[in-house]
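Treat the numbers as computed from the prediction; the structure is a model and nothing was measured. Note that ligands are numbered from 1 as they come in the structure, with each ligand's atoms numbered from 1 the same way. Residues: numbered from 1 along the sequence shown.
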Amino acid sequence: MTAIRQKNVTAAQWTANGSAVEPTDLTKEENVVFGSNVFSIKTQKERLPADVFDRLQGTLEKGEALDTELADAVAEAMKDWALENGATHYTHVFQPLTGLTAEKHDSFFRPTSDGGSIAKFKGGELIQGEPDASSFPTGGIRATFEARGYTAWDPTSPAFLLENPNGTLLCIPTAFASWTGEALDAKIPLLRSMDALSISAVKALKLLGDEETVRVFTTVGPEQEYFLVDEQYYYERPDLVTTGRTLFGAQPPKGHELDDHYFGSIPERVLACMMDTERELVKLGVPVKTRHNEVAPGQYEIAPIYENSNVGSDHQQLTMQIMQNIARNYGLICLLHEKPFAGVNGSGKHNNWSMGTDGGHNLMDPGDTPAENASFLFFCTAVIQAVNKHQGLLRASVANIGQDHRLGANEAPPAIISIFLGAELDKAFESILSGEGDGKTEEAVLGLGTPVLPPLPLDGGDRNRTSPFAFTGNKFEFRALGSSMSLAFPNTVLNTIVAEAIDELADKLKAELDSGKDIGEAVGEVVKESYGANRQIIFGGDGYSEEWHAEAESRGLKNLRTTPDALPEVISDSTVAAFENYNVLSRRELEARFEVWVEQYAMNANIEAETAATIARTQIIPAVAKHLILLDDADADLLEKESRGLFDQLVDKTLALEDANQYPDGIEEEGLELAVYARDKQLAAMHEVREVADKLERIVSDNYWPLPKYSEMMFIK
Ligand code: ADP
Ligand code: MG
C-alpha cells in the first residue's frame, strides 16, 4: 500500500474517545456550565461588595470612565476569582488591524523581599496595558519613535478564563490605540459606531412617538461555515499549511458530493468534535445554538444566538479560536479559509444584523400594529438608503484574498451588493411609492387617509439564498462575509451608514411633522421619497445568474470583483464623510486601514504564488518525471507522449510563475500598485500552473502523486 493510502486507512479508523463530555443530569443547576468561566454580571454580583457592584453597573450604563478606587476593587475581585479557578496569568486580548486576535500574558505573581511571592492585580493593570506593539500593523499611524500602543479594558465585554491542558489564563477584552489616541484595532470603531447609531436611532424614535428608549443596541448573530479535514492530509499539503487553501487539486468524480447530504446525519467523529467545541464555548458564555452539515462534503456550520455587536464580535473571534483548538483533539484541522477547495462550495459567514431598544423592542420586526409598522418602515427604509449609498464600502468591508475566489463563484453572493426584501415587503414598498394600495393595503390606511402604510408580513416567508443582503423576517442578513473574517468592520460599516441614513430621514420626518402631518402620513412621505430614490438596490431574482450581472450594470450598481478593486472604497469621499461625521474613524484612521489591507493582500498573494512555485518545482515536477520514466520503461509510447506534452507545459508555466514572483524593477514595493501586480501577474501565472498540474493529477501514477487528493481530504472522516 502506498504511503497516502495507508494514511487514508488510519484516518478512517479514528474513533471518538467519548471522554470529553461526561453524561450529567442537566436538570440540576450545578451541572449547567453556561458562563461558568465568565466574570459575568452574575459572578460580579456574588463577588463584589454591593456598593462597588452598584457603582460599576452605574458607571457602565452611563458609559463613564472608572475611577481608580473602583477599578482597584474590581481588579481585586477579578484576580481572586481567577486564582481560585487556577489562573496564573492574565492577558489583555485585542484585535489589531490584521483582523486576528492578539494577546500578551503576564503573571499575577511577583516576588516579595523575603523570597516568597504574592499575587497582585491593580486597577491600573486591569484598565490599561502597554503591549510592545511595534510589531502590529498601523498603516503608518505610529512611527517607530512613537511606538507605544495602549490597550484599554472594555468593561462591556466580560472577562473570561481560557483553559489549557496545562493552565488557565484570565482574558480581558480590550481596545488597542496609539498613544495619540488613534484606533489601532477593530473594537474601538465598532464601539464608536454603536454609539453613533444609538444616538441617531433614539432621536428618530422620539419623532416616532417613543419617549422611553434611552439606548438602541445593534445586534449580530453570525452563522459560521467551516471545513474539517483529517490532520494527516493537512500536514501533507504545504499549500494548506502555509496559505489555508489548496493551490492544487483536481475535482473529485462528478456527483460524488451527493454522498454527503446537507442536513444529513453528522459523522460521529465530527459530532464529537462539535459537542466538545460547543461545551467549551458555552463555558465561555458564547450562546451557541445551531449545528449542521453544510453544502460541500466535509463542510459544517455553527451559529449562536445573537448578542449586541461588540460582545457578538468578541465571541465570534473566540469561537474561531476554540473551533481550531478543539479540532486538534480529534485529529482534525478546522479550515476557516473562504475557499479551501477550488470548484467546491466555499465558506462564508452570514452576519444577521438588527437594532433593538433597551426596552427589548427589535426595530427590524415589522410588528402587527400600525405604530410599530410606521417605525419599522422608517428604519427599514434607512437601511435601504444606507446600503444603496454605500454599496461599494459594504463590498470593501468583506474584501480579502480568500473572498476573491468565493464571491460570485456560483455558490456565494456576487460581488454586487443588492437587497432582497421578499415579495410581500416589495409589494408594500411599491404600493407606498405608487400611492395605490390594493385591497389589502387599504385596510391599513392610517391617519388622514393616505393609503401609505400597508400591513406587513410577520414572517419574511420566502427566502432567497443568492442575495448578499436579505431581509429575513426580523433582521437583515449580510451574507457576503468570509468565513475567516472578524465581524467588527462589516458591522462598524453597517452601524455607521445606517446612523447617517436615519439622521437624513429623521430630518425629513421632522419637516413633514412640523408641516402638520400625522406620524403615519409623514412616514409615508419620507418612505416614498427615499425608497423611490434607492430602489435600484432592490433585487429579488437569482443573484448568481449572468442576466443579473448585466442588469446590475444597467442599473448602475457597482461590481467590484476583486479586493484591489474594492479596497479604495474604504477611503472614498462618501466613506470619509460618513465616518468623520459620526466620529467612527478619521480620514487618517481610514487610510491606515486601507494601507494595511492592501499590503495584506499583496503579501498573501505573494505567499500563495511562491508556495505554488515551490510545490510545482520540488514535488509535482519530480513526480511527473518519475512517471515518464515508468511509461518509457513500459514502452507505453502513446501515454508517454501525452504525459510528456503536459510535463513540458508544466515546466514552462512553473518557470513563468517563478519569473512573475520576482517583482519587476521600478514597482512600488507596497500599496495598491503592488496588489494589482500580485493579482494580475502572480496569481494569474499561478492559475496557469495549476491548470496543467490538475490535468496531470488525473494521469500520473497514484504511487508518485505527492499530494492528498480532494476526494480523500473531503470524504474520509
Ligand atoms: P433563520 O435563519 O431561519 O431566520 P434564526 O432565527 O435561527 O433563523 O436566525 C438565524 C441567525 O440569525 C442566528 O444566528 C440568530 O442569532 C440570528 N438572529 C436572529 N435574530 C436576530 C437579531 N434580532 N439580530 C441579529 N441576529 C439575529
Ligand atoms: Mg440564515
Charged N-O contact under 4.0 Å between [X] and [Y]:
X      : Y      : value
Lys187 : Asp314 : yes
Glu338 : Arg245 : no
Asp542 : Arg465 : no

So which of [options] gets nearest to [atom], if we judge by its closest heavy atom?
atom                    : options                        : result
atom 12 (O) of ligand 1 : Asn352, Asn308, Leu363         : Asn352
atom 21 (C) of ligand 1 : Phe217, Phe476, Trp353, Tyr306 : Tyr306
atom 15 (C) of ligand 1 : Ser354, Pro304, Pro287, Ser309 : Pro304
atom 8 (O) of ligand 1  : Gln224, Glu307, Lys475         : Lys475

So, Phe471 versus Phe376, ring centres under 6.0 angstrom or not?
-> yes
For Glu280, side-chain hydrogen bond (donor to acceptor under 3.5 Å, both in side chains) partners two or more places apart = Lys283
Looking at residues at least two apart in the chain, or sitting in another chain, which of them share a side-chain hydrogen bond (donor to acceptor under 3.5 Å, both in side chains) with Glu278?
-> Arg291
Just let me know how Thr290 lines up against ligand 1, side chain, backbone, both or neither, with a heavy-atom cut-off below 4.0 Å.
-> neither
Structural part of Ile305 in contact with ligand 1, heavy atom criterion under 4.0 angstrom = backbone
Numbered atoms and elements of ligand 1 in range of Thr219, under 4.0 angstrom, heavy atoms = 22 (C), 23 (N), 24 (N), 25 (C)
Numbered atoms of ligand 1 (with element) below 4.0 Å of Asn362, judged on heavy atoms = 23 (N)
